[in-house]
Amino acid sequence: MTDPNLAPGEEGLPSPEGQTEIIETTYQLGQDNISYRRRFVFELDIHNVVFSVSALGILAFTVLTLAFQSTLEPAFTGLRAFLTANLDWLFLLTGNVLVLVCVGLILTPLGRIRLGGPDATPDYSTLSWFAMLFAAGMGIGLMFYGVSEPIGHFTAALEGPVFENGVRTDWAPLDGAVGDPEASRRLAMGATIFHWGLHPWAIYAIVALSLALFSYNKGLPLTFRSIFYPIFGEKVWGWPGHVIDILAVFATIFGLSTSLGIGAQQAAGGLNFLFGIPSTDTTTILLVIGITAIATASVIMGMDKGVRILSEINMGLAGLLLIFIIAVGPTWQIVSGFFLNLAAYVEHLPALSNPFGRSDTNFVQGWTAFYWAWWISWSPFVGMFIARVSRGRSVRTFLLAVLIIPSIVSTLWMTALGGTAIGQIINQGITSVQDAKLELQLFEMLALLPLTSITSFIGIVLVIVFFVTSSDSGSLVIDTISAGGKVNAPVPQRIFWATFEGLVAIALLLGGGLVALQAMAVSTGLPFAIVLLGAAFSLIKGLLAEPR
């Protein structure tokens, strides 16, 4: 399926190499697009329905949120509470199903199928590939929650269950570990790794694998509707496909805006901690504007010159910070804790992933359900981004890399940062970290180690650049979806979406802060959870049809 009006290579997607199961369709890439091209003046190439509905819907939401700032915070709070309280089981069940699908594909002969055809070779080196998928996947979250989440779980577990009028009100995972610091540490780290390990990366992997298979092996456009061809057939080019792609745009824009808001809050806290700059709404908004401007510049440069280089720089800086903490912190505690924490994760995994009959409702709804919704809302952009850089990998290699390597690195990161902070509490009796605001806990932990000013500054830079890599790759993805699957859409459209991400983040920060950001991530993650379950079904059908 190609567009005869396009010049060779304009689609940006190479043809399958070797024998694959091409899907024959009457649809022509860009047939529903509105195009306007005047060189050096302005260029436009957008899907008529997807772009219009997505852009107008997001614009209306932004204007209304800015117009009614003072009255929206209770609404956002109630929305998030309602969704997580009533549908937490759906989020957890979706995550479990996707993990099982990934494991099944690794263990079966379907794992031998190669993305792009049996003769395809990888487009990027293994190092560049890993740096890009990891930096796009969860960089800001690791910076923001690397200290605060283990500390929060540890403190709650140590205090144990608390009941008021017969209702459990604490935030401890499972049943806690009252008065036992070592058991509380193990439970806290096991719960943290649960949120950053196999489940989120399985969500990303299913989306990425589905997009890559139907685009690189079956010749369909690189857009979400293509995944559902086995279910809807030619109807996927009509309204069923329009709805799927519009949901993907909404999920991506709100997932990215949540991350931008969280990152800006932490960067503002770091600047206040280091230089005394007031951590106000004005500071946070200026940071959002600055980060968005850098991301826009990176988007203009494109995948190879912008995203890839920034991702590699970011991984280098993160690696340096991690090595420094391991070297000057409680080295043996971190090294041994890495293996003990993995064991704790395996030990508590069945109970933590159970979606029904849980007594730790605050933990399930406030932590796990929110995380799963956040990962699901990120999955359109992370999945498509990973798909674009993963051509030439076998299904088995792809899944092992996307699931195992980031999970191990996340475990090491959380062990080094969170484990060091917990050690400061248990071994030194220092409480400054757990007493600090969430966005300051990383810097309070670094303050107890040498070279505080340098490491804290690196932390701020990492927060900013992690978002830039997420924002520019996210803008490229949204642009591809809203252009009907064209991966080389005009640059002005990328600038438009990068700017929109910043505007939505500002609107949500002013309209309710962190609660508003989380509420929209959960709201857009909910319908897309259903989409992901359908995608897993289509993926299996598509792989079964491939020669192997």
Side-chain angles (χ1 to χ4, degrees), residues 55 57-77 80 139-141 143-145 148 250 252-300 374 377-378 436-443 456-457 459-472 474-475 478 494-521 523-524:
I58 294 167
L59 179 62
F61 172 85
T62 304
V63 171
L64 290 173
T65 303
L66 289 173
F68 300 100
Q69 296 174 30
S70 58
T71 58
L72 283 179
E73 185 171 0
F76 284 126
T77 302
R80 178 192 163 174
I140 287 178
M143 295 299 298
F144 191 86
Y145 290 106
S148 61
F250 282 150
T252 303
I253 201 80
F254 287 115
L256 282 169
S257 298
T258 299
S259 302
L260 175 53
I262 288 174
Q265 285 184 330
Q266 188 173 32
L271 291 173
N272 176 260
F273 180 84
L274 271 182
F275 306 113
I277 298 174
S279 184
T280 61
D281 285 344
T282 302
T283 304
T284 304
I285 290 169
L286 289 175
L287 278 167
V288 170
I289 293 171
I291 294 170
T292 302
I294 299 171
T296 303
S298 178
V299 161
I300 294 171
W374 193 13
S377 69
W378 264 47
K437 294 180 179 179
L438 289 181
E439 61 266 24
L440 290 176
Q441 289 183 339
L442 168 66
F443 304 107
S456 295
F457 183 73
I460 296 171
V461 172
L462 276 171
V463 169
I464 292 173
V465 183
F466 263 131
F467 179 75
V468 170
T469 56
S470 297
S471 178
D472 54 17
S475 300
I478 297 174
R494 304 179 195 173
I495 297 173
F496 172 83
W497 288 115
T499 304
F500 246 40
E501 290 165 21
L503 288 175
V504 173
I506 290 172
L508 289 171
L509 284 168
L510 293 176
L514 184 59
V515 171
L517 294 166
Q518 293 174 338
M520 292 314 301
S523 301
T524 52

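Using cut-offs of 30° and 60° for the angle between ring planes, the F250 and F254 rings count as tilted.
Minimum heavy-atom separation, I464 to A267: CG1-CB, 4.4 Å. In this structure, F496 and A55 approach most closely via the heavy-atom pair CZ-CB, 4.0 Å. Taking every heavy atom of both residues into account, G255 and S377 meet most closely at CA-OG, 3.5 Å. Annotation for L271 and I460: closest pair N-CD1, 3.7 Å, computed over non-hydrogen atoms. Contact record, A498 with T296: CB-OG1, 3.5 Å, taken as the closest heavy-atom pair. Taking both residues in full, the closest heavy atoms of L509 and V288 are given as CD1-CG2, 4.1 Å, listed atom of the first, atom of the second, then distance.
For CZ of F61, the number of neighbouring non-hydrogen atoms (other residues, nucleotides, ligands) closer than 6.0 Å is greater than 12.
Using a 3.5 Å distance cut-off with no hydrogens or angles, the side chains of T280 and T283 do pair a donor with an acceptor. Side-chain atoms of S475 and E501 form a donor-acceptor pair, as typed in the model, at a separation below 3.5 Å.
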Worked check of side-chain contact (heavy atoms from CB on, under 4.5 Å) between L510 and T65: CA-CA 8 Å; L510 293 176; T65 303; over 6 Å; no
Residue pair I289, I506: steps toward the side-chain contact (heavy atoms from CB on, under 4.5 Å) verdict: CA-CA 9 Å; I289 293 171; I506 290 172; 4.1 Å; yes
Derivation and outcome, side-chain contact (heavy atoms from CB on, under 4.5 Å), residues F144 and L442: CA-CA 7 Å; F144 191 86; L442 168 66; over 6 Å; no
Check against side-chain contact (heavy atoms from CB on, under 4.5 Å), W497 and I253: CA-CA 8 Å; W497 288 115; I253 201 80; 4.3 Å; yes
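Residues S456 and F443 meet the side-chain proximity criterion, which asks for heavy atoms closer than 4.5 Å.
Put simply, CD on Q441 and OH on Y145 are 11.0 Å apart, with the number rounded to the nearest 0.5 Å. Taking CZ of F500 as the reference point, atom CD1 of I478 lies at 10.5 Å (rounded to 0.5 Å). If you take NZ on K437 and OG on S148, they are separated by 14.5 Å, rounding to the nearest 0.5 Å.
Put simply, the side chain of Q266 gets close to the backbone of M143: a donor and an acceptor are under 3.5 Å apart.
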